[in-house]
Amino acid sequence: TLLVCESYKSDHAVLAYQKLLERYEIRFTVRYASLDEVRAVLQGDAAKASKRKVENISDVQIKAINLIKEAVRLNASDIHFLNYQYKTIVKMRIHGLLFFHKELDADEGQILCRCMYGSMCDVGDGNYNDRLSQDARLSRESIKNAGLNGARIATRPMEYGNLFELRLLYGNAGKQRTLIELGYNPRQVAAINQMIRRKGVNIFSGVTGSGKSTALQVVLAMLLALHN
């Protein structure tokens, strides 16, 4: 039995999930209930689940984690899910440029996004809505094996679907890099060294994925070394 809250009977994600069950030939019946009844069932299931091993991760979560690991392997700064009516396009931003990665079925793409937002985040309202702009953060528990320090989620509605963007934060993984290794030339490095030694405000600007956060991390390390 699939228990559905009355107010969500026409929700796109609920209908998509039913189609997914039908595609895999999983027999089910839909029963509509009040929000209080659904909450009571969920609380009962949560109590039972707490007695089971935490290792029981859903297949959808495993798919999401594997996709994030693939992005880390490619040194991507972002993963974009463009959810259209009939398909989901997955793109990755590598060295500031967006590249096509794969195409998913529309239902599969939305379920993957809903899973990440609803069950893998520690910051966010927990209720994924593809018609709203939302922000969240993946929990460290979800990404601890992917080599990341964090991952931010931002969603935006589009004319025919929505954009689900995952920003990957690499943190201090691996050895500390230098400005030269990031592509700055000696003249630019000398200018930055001069800037961090004087009072005032320094502004880092650039397009998404251009390396602002990574460069700032290196500059902050330089500041710490300078004042220690």
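V30 is connected to I26 through a chain of hydrophobic side-chain contacts under 4.5 Å among Ile, Leu, Val, Met, Phe, Trp and Tyr, so both are in one cluster. Cluster annotation: L97 is connected to I94 through the hydrophobic network of ILVMFWY side chains, with a link wherever side-chain heavy atoms come within less than 4.5 Å. No path of Ile, Leu, Val, Met, Phe, Trp and Tyr side chains, each step under 4.5 Å between heavy atoms, connects L98 with V72, placing them in separate hydrophobic clusters. F164 and Y84 are not part of a single hydrophobic cluster, where members link through side-chain heavy atoms under 4.5 Å apart. Cluster annotation: L104 and L82 are assigned to distinct hydrophobic clusters (Ile/Leu/Val/Met/Phe/Trp/Tyr, side-chain heavy-atom contacts under 4.5 Å, transitive).
A salt bridge between E70 and K102 is absent, with no side-chain N of the basic residue lying under 4.0 Å from a carboxylate O of the acidic one. The pair D107-K19 does not count as a salt bridge, with every side-chain nitrogen at least 4.0 angstrom from each carboxylate oxygen.
In this structure, CD1 in I89 is found 5.0 Å from CZ in F100, a value given to the nearest 0.5 Å. A distance of 12.0 Å separates CE of M116 from CD1 of I111, quoted to the nearest 0.5 Å. In this structure, F81 CZ and L163 CG are separated by 10.5 Å, a value rounded to the nearest 0.5 Å. Taking CZ of R131 as the reference point, atom CG of D11 lies at 6.0 Å (rounded to 0.5 Å). Rounded to the nearest 0.5 angstrom, I143 CD1 and R137 CZ are separated by 9.0 Å. Taking CD from E37 and OH from Y32, the interatomic distance works out to 14.0 Å, rounded to the nearest 0.5 Å.
Using a 3.5 Å distance cut-off with no hydrogens or angles, the side chains of Y128 and N162 do pair a donor with an acceptor.
In this structure, M120 and Q61 have side chains that are in contact, with non-hydrogen atoms separated by less than 4.5 Å. At least one side-chain heavy atom of Y170 sits under 4.5 Å from a side-chain heavy atom of N75. Side-chain contact between L166 and L138 is present, with heavy atoms from C-beta onward closer than 4.5 Å. In this structure, the side chains of P157 and S133 come closer than 4.5 Å at one or more pairs of heavy atoms. Taking 4.5 Å as the limit, some side-chain heavy atom of L182 sits within range of a side-chain heavy atom of V218. Inter-residue side-chain proximity for L223 and H227 is flagged as met; some heavy-atom pair is nearer than 4.5 Å. R93 has its side chain out of reach of I79: every pair of non-hydrogen atoms, C-beta onward, lies at least 4.5 Å apart. In this structure the side chain of F28 never reaches within 4.5 angstrom of the side chain of T1, judged on heavy atoms.
Every salt bridge (Lys or Arg N to Asp or Glu O under 4.0 Å) that R156 has, sequence neighbours left out, goes to D135. Legend: residues meeting salt bridge (Lys or Arg N to Asp or Glu O under 4.0 Å) with K63, ordered by chain and number and at least two apart, are E108.
L168 and I68 make their closest contact through CD2-CG2, 4.4 Å (heavy atoms, listed as atom of the first residue, atom of the second, distance). Between S10 and L15, the shortest heavy-atom contact is O-CD1, 3.8 Å. Looking at every heavy atom in both residues, I180 comes nearest to P186 through CD1-N, 4.2 Å. Shortest non-hydrogen contact noted between Y117 and G124 is OH-CA, 4.4 Å. Between G109 and N83 the shortest heavy-atom distance is C-OD1, 3.8 Å. Contact detail for C121 and I153: the closest heavy-atom pair is SG-CD1, 3.6 Å.
Side-chain atoms of T155 come within 3.5 Å of backbone N or O of Q134 as a donor-acceptor pair.
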Check: Are H80 and V90 close enough, and set up right, to give a side-chain contact (heavy atoms from CB on, under 4.5 Å), and what steps lead you there?
Finding: CA-CA 6 Å; H80 288 208; V90 180; over 6 Å; no
Next item on the list: Check the pair S142, I65 against side-chain contact (heavy atoms from CB on, under 4.5 Å), reporting the backbone distance first and the verdict last.
Entry: CA-CA 8 Å; S142 299; I65 293 170; 5.5 Å; no
Notebook entry, point to check: Can you check side-chain contact (heavy atoms from CB on, under 4.5 Å) on L74 and M92, steps first, answer last?
Noted result: CA-CA 9 Å; L74 296 171; M92 294 187 181; 3.9 Å; yes
Notebook entry, point to check: Which is it for H101 and K91 under the side-chain contact (heavy atoms from CB on, under 4.5 Å) test, yes or no, and what are the steps along the way?
Noted result: CA-CA 5 Å; H101 184 68; K91 295 184 176 182; 5.9 Å; no
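In this structure, K212 fails the cation-pi test against F204, since its NZ or CZ atom is not both closer than 6.0 Å to the six-membered ring centre and inside 45 degrees of the ring normal.
The stretch residues 192-205 participates, sequence neighbours left out, in no salt bridge (charged side-chain N to carboxylate O under 4.0 Å, His left out) pair at all.
Among T88, D105, D130, the one residue that satisfies the side-chain hydrogen bond (donor to acceptor under 3.5 Å, both in side chains) test with Q110 is D130.
Around atom CZ of F99, more than 12 heavy atoms belonging to other residues, nucleotides or ligands sit under 6.0 Å away.
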